[in-house]
Number of protein chains: 2
Amino acid sequence: VEAGDRAALEALLEPLHAADIADLLEQIEMRDRRALLDLWSDALNGEVLSELDDNLREELLRTLPPEQLARAVRELESDDVVDLVEDLDQDRQEALLGALPAHERAAVEKALAYPDYSAGRLMQVEVVRAPQHWSVGEAIDFLRHGEGLPDQFYHVILVDPRMHPVGYVGLGRILSSGRQVRLQDLTEDSFRTFHVEDEEGAVAYAFNQYHLISAPVVDDEDRLVGVITIDDAMNVLGEELGEDMMRLGGVAGEAVMSDSVRETTRQRLPWLAVNLATAIIASGVIALFEETIGALVALAVLMPIVASMGGNAGTQSLTVAVRAIATRDLTTKNLWRVIRREAAVGLINGAVFAVVMGLVGLFWFGSPMLGTVIAVAMVINLVIAGLSGVLVPVVLDRLGADPALASGTFVTTVTDVVGFFAFLGLASVVLL
Amino acid sequence: VEAGDRAALEALLEPLHAADIADLLEQIEMRDRRALLDLWSDALNGEVLSELDDNLREELLRTLPPEQLARAVRELESDDVVDLVEDLDQDRQEALLGALPAHERAAVEKALAYPDYSAGRLMQVEVVRAPQHWSVGEAIDFLRHGEGLPDQFYHVILVDPRMHPVGYVGLGRILSSGRQVRLQDLTEDSFRTFHVEDEEGAVAYAFNQYHLISAPVVDDEDRLVGVITIDDAMNVLGEELGEDMMRLGGVAGEAVMSDSVRETTRQRLPWLAVNLATAIIASGVIALFEETIGALVALAVLMPIVASMGGNAGTQSLTVAVRAIATRDLTTKNLWRVIRREAAVGLINGAVFAVVMGLVGLFWFGSPMLGTVIAVAMVINLVIAGLSGVLVPVVLDRLGADPALASGTFVTTVTDVVGFFAFLGLASVVLL
């Protein structure tokens with residue numbers, strides 16, 4: 001299609017959802033992307049821009065003519081504009097905001113004043129509200145004549161005369177009640193408000209935990225300033241989970257497929273550098289026992305097994321712990337129980353593999369003592385692995401750090417050092 | 001509170017959300033849990049049961065008297081009942097279904113006939129539908145007199161006379177339009193239907209990709225049989241992401257904090273066994289070079305560094321690839337570009353750490369040749385790591401297997417074997 005046939009291209013892309021066009025742009029080569037956009041620049045409307053990966057979007061925003069950008073931005077709701085604008089540099093931001101009508105511009109600028117990753121950034125200011133004394137009929141009449149209603153809304157938020165939200169009513173309840181019923185009598189139990197500075201992760205957690213669809217956001221004076229809807233919360237939840245997974249895998253949280261070689265190297269090199277430093281520490285432990293290894297080379301053959309089993313067991317309990325901290329299933333209430341569980345599981349798995357490795361040591365190298373040494377080292381390392389897998393992320397979390405960040409390197413350093421030390425140390429005492 | 005003060009306990013728990021009560025039950029010790037439930041058995045109503053972790057729920061369902069169970073189940077919507085019932089054994093299932101009114105029982109049994117993890121299991125049969133020729137006024141009158149409306153609904157689904165869904169109208173649009181407006185003129189573009197046998201992962205993907213709130217489900221004849229709402233889709237999305245993360249960490253997907261020691265051991269032991277087997281393979285590679293190591297023990301000190309760096313780099317590209325396969329950002333369209341990117345990143349990172357390790361080899365062991373060997377081995381291993389990190393999950397995915405499952409072990413086996421082989425092999429040729 002990239003042979004220059006504009007009409008055919010348009011016919012092909014027109015019926016696609018914005019999210020699919022964005023995916024297409026992310027997946028093709030840079031050269032094809034440029035050709036496609038030269039051919040059919042309308043492809044980049046506001047909705048498609050909102051759906052793009054961050055890095056690619058930034059790149060495209062830089063090349064887009066300002067008029068087209070302004071047109072694209074005017075179609076969006078305030079939270080999407082904020083999302084689009086927040087990563088731009090000062091100049092571009094100004095230029096883009098200048099294209100908005102004054103009241104929308106004010107809304108976006110206000111949102112940008114809230115901290116990154118706060119409820120204030122996430123919310124849209126387009127809110128459907130009603131005085132608390134209204135009846136169903138009044139609400140319907142208001143909605144029928146209302147202007148500037150948001151595209152999608154799920155609740156009418158009831159406010160008192162000072163604009164404090166006091167409850168909300170689902171549209172389903174309004175529709176299924178008579179005109180004379182008072183809105184106050186229809187409010188739902190699930191009602192809860194967020195503060196503009198609440199962290200977006202906490203908002204997403206509450207949406208998931210309490211099955212919310214939309215929720216009002218209030219300022220310091222408890223006044224209604226916006227609303228967060230479930231699609232925004234779902235996005236945050238997906239992102240946070242994805243980021244935890246990435247960090248556990250030792251990659252910067254925002255890594256995506258459309259990143260360039262340079263970007264990817266930048267995301268991964270620092271982690272590898274940390275890993276190198278810790279690997280050198282583990283090597284230092286081995287170096288302590290150079291003589292022992294020189295006397296019995298079988299030790300060099302077997303030692304990676306102890307370390308690898310410890311690393312794997314540690315990663316297992318680490319993964320479960322990081323996930324549980326994120327979903328708030330690991331708290332002070334059950335920490336002690338979980339620690340005991342991890343120790344018990346480490347002991348059981350350690351015992352099982354101790355027997356296996358003892359036999360391997362015996363039959364491969366014909367040495368019962370070597371078998372005993374590796375068996376004992378295995379038990380020690382798997383118990384330590386289980387414990388460090390829980391304690392490292394919990395301690396990081398208490399210190400206010402991201403429990404997923406760098407935990408993996410910490411834990412494998414512990415298991416490497418303990419594994420090598422236990423195995424080679426025991427060997428040097430027992431075998432020589 | 002567990003000192004037997006029933007009234008105080010009730011006062012404490014009554015205002016809590018079902019999800020919070022479930023969390024509380026998950027986090028306390030088994031003994032306390034039993035005491036709590038003996039004291040206040042109402043704690044276990046249907047909603048709390050729906051919120052519990054699978055294993056704990058099964059345990060509690062076994063101990064609950066049938067009458068209480070029946071009462072609990074009657075409050076729930078059909079999809080929640082299905083969720084509760086599907087893991088029970090035949091006898092318990094029958095007993096529980098017997099407690100339901102006939103039409104609800106039929107609905108649940110029908111849902112259970114659909115495959116596990118299908119749209120049919122996920123949907124609720126309580127649907128709000130209207131003939132396509134209705135006006136807004138007719139719809140409102142219908143809703144006002146409607147019985148058995150679901151607790152929460154977001155769209156009225158339009159059906160033709162043969163019950164085929166032809167579009168849907170958001171409640172916001174109904175409320176903001178005059179009584180005489182035809183529903184057909186208000187339908188939304190986002191409309192798409194799912195088939196009962198569609199996989200739940202695909203449903204969750206579509207909800208996320210196209211920002212859906214609810215979507216109709218149809219049977220083989222294209223007739224409307226149910227509706228899936230965003231909270232169900234959000235659940236599935238969260239679960240799938242969490243499972244991918246667990247599997248990458250080498251843990252059975254459903255692992256949670258409330259699992260017992262036995263359950264936890266069962267989830268982790270098989271993976272450790274696989275890891276042991278692959279670690280022994282890597283040891284076998286080392287064993288091939290026993291003589292070389294005997295001649296130069298420094299090799300034993302440095303070899304874990306090469307393997308560890310490879311393992312980490314492989315895990316990095318694996319993590320990104322698994323995530324991208326799940327979000328459908330890694331497809332045949334960009335596979336080739338991603339492979340080239342991984343190779344390039346491996347080469348760059350390899351070169352950087354080759355220089356570092358070359359210097360370490362030189363200054364620690366005073367041997368330029370040893371430095372050269374480890375540098376070359378590092379480059380080779382990091383390139384292989386990048387490639388296997390992408391290719392292993394892609395191949396698993398093509399073969400119809402879960403790309404997260406066992407990928408980690410595969411990749412680290414490759415990097416261990418390649419790392420040891422490259423380092424020790426080169427050393428035996430160059431240094432001896």
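Naming: A, B, ... by sequence-line order, numbering from 1 per chain.
- In this structure, chain B has a heavy atom under 4.5 Å from the side chain of I348(A), while its backbone stays farther away.
- Among residues at least two apart or in separate chains, salt bridge (Lys or Arg N to Asp or Glu O under 4.0 Å) pairs with a member in residues 258-269 of chain A are E254(A)-R266(A), E263(A)-R266(A), R268(A)-E342(B).
- Within the model, atoms CH2 of W271(A) and CG of N349(B) stand 14.0 Å from one another, a figure rounded to the nearest 0.5 Å.
- Interface residue A273(A): backbone and side-chain heavy atoms are both found under 4.5 Å from chain B.
- In this structure, chain B has a heavy atom under 4.5 Å from the backbone of S177(A), while its side chain stays farther away.
- Contact of F420(A) with chain B is made through the side chain alone, with heavy-atom distances under 4.5 Å.
- Side-chain polar atoms of E47(A) and H211(B) form no donor-acceptor pair below 3.5 angstrom.
- Under a 3.5 Å cut-off, the side chain of R341(A) and the backbone N or O of M257(B) do form a donor-acceptor pair.
- Residue contact with chain B, scored on non-hydrogen atoms closer than 4.5 Å, is absent for V156(A).
- For the atom pair CG of N312(B) and CG of N275(A), the computed distance is 3.5 Å after rounding to the nearest 0.5 Å.
- Residue pairs meeting the side chain to side chain donor-acceptor pair (under 3.5 Å) criterion with at least one partner in residues 281-290 of chain B, sequence neighbours excluded, are absent.
- Looking at V338(A), the atoms closer than 4.5 Å to chain B (heavy atoms on both sides) all sit in the side chain, from C-beta outward.
- The backbone N or O of S176(B) sits nowhere less than 3.5 Å from a side-chain atom of R144(A) that would complete a donor-acceptor pair.
- To the nearest 0.5 Å, atom CG of residue N208(B) and atom CG of residue N235(A) are 6.0 Å apart.
- In this structure, chain B has no heavy atom under 4.5 Å from any part of A282(A).
- Interface check for chain A: of the options I280(B), D231(B), T229(B), the most heavy-atom pairs under 4.5 Å are formed by I280(B).
- For chain B, the nearby part of L248(A) is the side chain; its heavy atoms alone come within less than 4.5 Å.
- Contact of I213(A) with chain B is made through the side chain alone, with heavy-atom distances under 4.5 Å.
- Heavy atoms of V345(A) lying under 4.5 Å from chain B belong to its backbone as well as its side chain.
- Screening K333(B), Q209(B), R328(B) for a side-chain hydrogen bond (donor to acceptor under 3.5 Å, both in side chains) with D23(A), the sole residue that qualifies is Q209(B).
- Of the atoms belonging to S317(A), heavy atoms from both backbone and side chain fall under 4.5 Å from chain B.
- Of the inter-residue distances, the one linking Q152(A) atom CD with E188(B) atom CD reads 5.0 Å to the nearest 0.5 angstrom.
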> Does the pair E291(B) and V297(A) meet the rule for a side-chain contact (heavy atoms from CB on, under 4.5 Å), with working shown?
Replying inline: CA-CA 8 Å; E291(B) 267 177 56; V297(A) 181; over 6 Å; no
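- Using a 4.5 Å cut-off between heavy atoms, V285(A) does not touch chain B at all.
- Contacts between D20(A) and chain B at a heavy-atom distance below 4.5 Å involve backbone atoms as well as side-chain atoms.
- Ring planes of Y210(B) and H17(A): perpendicular class, angle over 60° (limits at 30 and 60°).
- Counting heavy-atom pairs under 4.5 Å between each of L302(B), I293(B), T331(B) and chain A puts T331(B) at the top.
- Using a 4.5 Å cut-off between heavy atoms, W364(A) contacts chain B through its side chain alone, with no backbone atom that close.
- Residues Q27(B) and L330(A) are not in side-chain contact: their nearest non-hydrogen atoms beyond the backbone lie 4.5 Å or more apart.
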